[in-house]
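First comes the structure, then the notes that go with it.
As a basis for the values below, the full set of heavy atoms in this structure was taken, side chains included, without hydrogen atoms, waters or symmetry mates.
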Amino acid sequence: MKRLLGLLLAGFFMFSQLGVVWGAQEGQQVREGEGQLNMEQALNIARKVLELPAELKSFDVNYQSANEWIDSPRWDFNWFDRQQASFRHYSASIDAETGEVINFRSGEGFPESQQRPAGKLLSKEVSRQKAEAFVKKMVGAKFNELKAMPEFNEPFLKGPYGGPRIYQFRWQRLVNGIPFEDEVAAGVDAYTGKVVNYSFRWTRNINFPKVENIKSVEDARKIFQDSIGLRLYYQRKETPFPGWLQPVRLMYLPGGMEQGGLAIDAVTGKLIHRWNGQEFDKGKLEVKPLSIEGIQEAVYGGKKEQKPLSMEEALAVAEKTFSIPNELKLRDRRYNESWQRKGTRIWGFTWGAPDYRSGTQVSVEVDIDSGEVRSYNKFAPSSGDNGLGGAQISKDEARKIAGGFLKKLFPGKVSSLAGTQEIFSPEEEKNAPYSFNYVRLVNGIPYNGNNINIQVNRRTGEIENLWMMWDERELPASKEAIPAEKALEKFWASEKLELRYLSQQTKGGSPREVRLAYVLAQEVPKGINALTGEAESIYGFPWKQGVYKDLAGHWVNEKVIALAGIGVVDSEGEEFAPDRAITRAEFVKLLVNASQLKPVNPDNPSFEDVAKDKWYYRYVETAVKEGLVKGDGKQFRPEARVTRQEMAVMLNRLIPADKKAEDGPKLESFKDSKAIAPWAKESARRLVGFGIMKGSDGKFAPGSPASRAEAVSLIYFFLQAQDEPGFRATGAGFAAGVIEAFTSLSSHQ
């Protein structure tokens with residue numbers, strides 16, 4: 001959060017400093033600030049490190065002076081080339097005092113009709129060596145103060161047409177042998193071996209306290225267990241695929257997750273916020289139901305049973321809920337179905353000045369199905385005194401205003417909310433609105449990712465901002481959770497506390513303060529799955545490197561990791577057998593998992609060859625229960641193998657007929673394209689064109705039994721392709737098409 005805030009404010013300062021020039025040409029005179037390097041000197045450094053094509057002459061340039069967010073003045077450059085067959089973008093930032101490269105990025109976007117360069121990809125180890133050699137050259141003697149940061153399991157997520165494949169490496173700065181937040185990072189393109197991105201963060205003019213009179217790590221661990229501990233949370237997984245409703249796990253996570261992460265002051269032993277040093281006590285970490293005077297208890301039972309709102313009805317809800325200034329005119333109406341909020345349909349409206357010039361602007365989003373407001377924002381330019389003059393309401397008064405607004409707007413949700421402790425920001429003592437965050441409680445357990453945020457203008461008491469994320473789904477039962485003591489034992493088996501220097505933004509802004517503190521060592525936050533007892537990343541991917549021991553070095557390993565992280569592929573057992581032919585039953589399981597359907601286990605089977613005691617029974621029966629296939633008592637042939645052309649036909653039926661793939665690879669590029677059966681040719685053509693189906697050694701191999709690896713790859717690319725316009729096939733519709741394909745292709749198998 002701290003870094004994000006810094007980037008946002010840095011972006012603001014970018015447009016507020018002197019010396020900003022857009023569309024500059026080399027050799028043009030530009031007014032500079034107080035930095036030692038002029039624009040031409042900084043430009044030469046940027047061109048050299050980027051290996052910029054000579055034909056790129058025009059660029060955007062910005063000069064920033066030092067401020068509370070950046071330690072020294074800098075020059076920022078951007079080059080774009082939209083005229084070439086491939087889109088090219090280069091950028092670099094140069095320290096105007098030292099000439100050091102702060103960051104750069106170079107890359108070429110490849111159009112859908114063009115594959116990535118052919119040839120063997122570099123291994124991760126070779127790429128690491130290239131990155132390290134580059135960093136040594138860039139930072140010189142500072143490299144002796146760097147330590148390579150541990151890597152975590154981060155699958156490559158390539159687009160259907162190949163896309164960039166970049167290995168990222170990071171090094172952390174050590175001060176007195178203790179890690180500090182400064183770091184250096186470099187990314188290597190595995191296709192070309194070039195360093196395509198680089199960042200250098202090195203804080204100057206800051207004092208580091210001596211390592212003396214501090215608590216031992218044993219003391220810190222006891223403080224952690226007594227004051228922070230592990231608490232149950234509902235935690236959503238982050239998934240790499242569009243359209244995917246993120247699964248929710250019941251997890252034991254370190255207390256204080258709602259506050260953004262806590263640390264233990266190594267000198268005082270007190271709990272502090274990791275990024276700004278605000279002190280906490282154990283009582284403030286308790287997550288309790290919201291208390292608003294006069295509130296009536298109510299239980300929210302999901303979306304209201306009502307007819308979906310029309311655009312006019314949604315507009316009426318927005319205008320009734322908020323006071324839209326009379327001088328503002330409705331300028332924009334928009335409809336949205338967001339893949340990030342699957343199943344949520346939104347009407348959005350924006351009001352502004354009639355002449356479209358700068359001024360007050362209001363925007364509102366209304367849920368079409370529930371009739372609830374999902375978001376509200378009011379932007380008004382500050383008056384001459386920048387809003388600082390006149391009386392200001394207190395934070396307690398603002399909190400009551402926010403609570404009253406919650407009660408008015410969401411009467412059925414208020415009893416399911418808990419107010420989290422507010423964290424001060426450097427802007428708090430200036431003109432920023434008061435911000436209040438409320439997390440949803442389910443059976444008394446916080447549901448991370450379901451929350452409501454309200455901002456109140458500190459001078460007028462008006463609601464300036466509202467944002468709500470809320471979804472209804474079946475959640476794991478807390479009664480099945482392992483004991484907290486067992487979770488803590490599992491947690492310490494894979495985690496530890498580490499002494500670090502923390503740079504913290506204190507009240508009043510600069511100068512920043514450095515404190516010695518104990519924090520959890522892992523860079524990626526993790527906890528314990530309360531149902532399995534396994535350590536997992538909060539983002540949802542398997543914590544252990546790899547999933548099956550027989551996938552090490554296999555081309556499908558990263559796809560299996562990604563699909564295992566969202567539950568499409570099991571991560572149990574020791575072997576995956578990627579090269580074995582996949583059966584109809586196995587493929588049904590993949591597809592039902594990918595469709596996010598809950599398996600059922602009825603008493604009476606729908607097919608005579610799908611026995612109740614078979615592992616695949618519930619997956620086939622799930623399709624029957626959902627009305628996706630009708631059980632007629634005949635054969636399903638669960639053990640039969642599936643050919644590649646049969647898979648092409650199955651998946652093609654799920655893609656809208658009007659969705660074109662003319663710009664993708666051509667089926668005729670395969671040596672054996674004529675061997676594809678007539679009934680499968682058009683399906684194969686489309687699947688190849690979309691980049692979902694790939695060949696091997698220039699062949700499509702239409703009649704060959706599909707391997708388990710090929711099936712996983714097919715599902716992987718299919719899920720990613722759903723982000724393409726007009727390419728939507730998820731949920732019940734997805735499974736229905738697949739089961740229909742299975743039951744209607746018997747004449748071709």
Going through the checks in order, is the side-chain hydrogen bond (donor to acceptor under 3.5 Å, both in side chains) test met by W615 and E586?
CA-CA 10 Å; W615 64 263; E586 290 172 331; over 6 Å; no
Stepwise, does the side chain to side chain contact (heavy atoms under 4.5 Å, CB included) test hold for R274 with L262?
CA-CA 5 Å; R274 182 164 180 171; L262 302 179; over 6 Å; no
Step-by-step side chain to side chain contact (heavy atoms under 4.5 Å, CB included) determination, L271 to I228
CA-CA 8 Å; L271 300 185; I228 301 178; 3.7 Å; yes
Could you walk me through whether N465 and N453 pass the side-chain hydrogen bond (donor to acceptor under 3.5 Å, both in side chains) check?
CA-CA 8 Å; N465 220 312; N453 181 267; over 6 Å; no
Determine, step by step, whether K408 and T321 satisfy the side-chain hydrogen bond (donor to acceptor under 3.5 Å, both in side chains) criterion, reporting the C-alpha distance in whole Å, the side-chain angles of both residues, the deciding distance to 0.1 Å, and the verdict.
CA-CA 9 Å; K408 169 189 172 183; T321 306; over 6 Å; no
Pair N213-V267, side chain to side chain contact (heavy atoms under 4.5 Å, CB included): steps then yes or no:
CA-CA 6 Å; N213 301 320; V267 177; 5.6 Å; no
Side chain to side chain contact (heavy atoms under 4.5 Å, CB included) between Q225 and L488: does it pass, once the steps are laid out?
CA-CA 9 Å; Q225 294 179 174; L488 190 60; 4.0 Å; yes
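Contact check for V211 versus I178: side-chain heavy atoms found under the 4.5 Å cut-off. Within the 4.5 Å cutoff, the side chain of V366 has heavy atoms near those of the L309 side chain. Contact of the E279 side chain with the H273 side chain is not registered, since no non-hydrogen atoms from C-beta on lie closer than 4.5 Å. Counting heavy atoms from C-beta on, the side chains of F436 and K395 come closer than 4.5 Å. Residues M251 and N448 have side chains not in contact (no heavy-atom distance under 4.5 Å, counting atoms from C-beta outward). Between F322 and V373 the shortest side-chain heavy-atom distance falls below 4.5 Å. Side-chain contact check for I454 versus N437: every heavy-atom pair is 4.5 Å or farther apart.
One distance of note links OG of S713 with CG of L563; it measures 9.0 Å at 0.5 Å rounding. Rounded to the nearest 0.5 angstrom, I223 CD1 and K270 NZ are separated by 11.5 Å. Here the CZ atom belonging to R440 is positioned 6.5 Å from the OG atom belonging to S416, to the nearest 0.5 angstrom. R221 CZ to I264 CD1: the interatomic distance, rounded to the nearest 0.5 Å, is 11.5 Å. One distance of note links OG1 of T268 with CD1 of I272; it measures 7.0 Å at 0.5 Å rounding. Expressed to the nearest 0.5 Å, how far CG of L520 lies from CD of E495 amounts to 4.5 Å.
Looking at E183 and R201, no side-chain N of the basic residue comes within less than 4.0 Å of a carboxylate O on the acidic one, giving no salt bridge. One finds a salt bridge joining R374 and D367 here, because a Lys/Arg side-chain nitrogen approaches an Asp/Glu carboxylate oxygen to under 4.0 Å. Between K215 and D265, none of the side-chain N atoms (NZ, or NE/NH1/NH2) sits under 4.0 Å from a carboxylate O, so this pair counts as no salt bridge. A salt bridge is absent between E181 and R500: the closest approach of a Lys/Arg side-chain nitrogen to an acidic carboxylate oxygen does not fall below 4.0 angstrom. Salt bridge annotation for D219-K222: absent, with no cationic side-chain nitrogen under 4.0 angstrom from a carboxylate oxygen.
The two residues Y619 and P599 make their nearest non-hydrogen contact at CE2-CG, 4.0 Å. Taking every heavy atom of both residues into account, G255 and R231 meet most closely at CA-CD, 3.4 Å. Of all non-hydrogen atoms in A477 and L250, the two that sit nearest each other are O-CD2, 3.8 Å. Between L232 and P446, the shortest heavy-atom contact is O-CD, 3.5 Å. Closest heavy-atom contact between Y234 and P476: OH-O, 2.8 Å. In terms of heavy-atom proximity, G533 sits nearest to I482 at CA-CD1, 3.8 Å.
Side-chain atoms of N443 do not come within 3.5 Å of backbone N or O of I445 as any donor-acceptor pair. Under the 3.5 Å distance criterion, the side-chain polar atoms of S494 are left unmatched by any main-chain donor or acceptor of A535. E397 places a side-chain N or O within donor-acceptor distance of the main-chain N or O of S394, the cut-off being under 3.5 Å. Within the 3.5 Å criterion, the main-chain N or O of V620 finds no donor-acceptor partner in the side chain of K589. Q172 places a side-chain N or O within donor-acceptor distance of the main-chain N or O of F180, the cut-off being under 3.5 Å. Side-chain atoms of Y501 come within 3.5 Å of backbone atoms of P209 as a donor-acceptor pair (strictly under, hydrogens ignored). No donor-acceptor distance shorter than 3.5 angstrom exists from the side chain of Y434 to the backbone of G461, with no hydrogens or angles considered.
Considering N450, L441, V439, L406 as possible partners of L417, the one that fulfils the side chain to side chain contact (heavy atoms under 4.5 Å, CB included) test is L406.
Annotation: cation-pi pair R708/F576 present, NZ/CZ under 6.0 Å from the ring centroid and within 45° of its normal. With a 6.0 Å cutoff to the six-membered ring centre and a 45° limit on the axis angle, K559 counts as a cation-pi contact of Y716. Under the 6.0 Å distance and 45° angle rule, K147 does not count as a cation-pi partner of W171.
The aromatic rings of F224 and F491 lie parallel to each other, with less than 30° between the two planes, well short of the 60° mark.
Between E536 and N529, the side chains place a donor N or O and an acceptor N or O closer than 3.5 Å (distance only, hydrogens not considered).
For Y447 and Y233, the ring centers sit 6.0 Å or farther from each other.
Counting non-hydrogen atoms of other residues, nucleotides and ligands closer than 6.0 Å to NZ of K496 gives a total of 12 or fewer.
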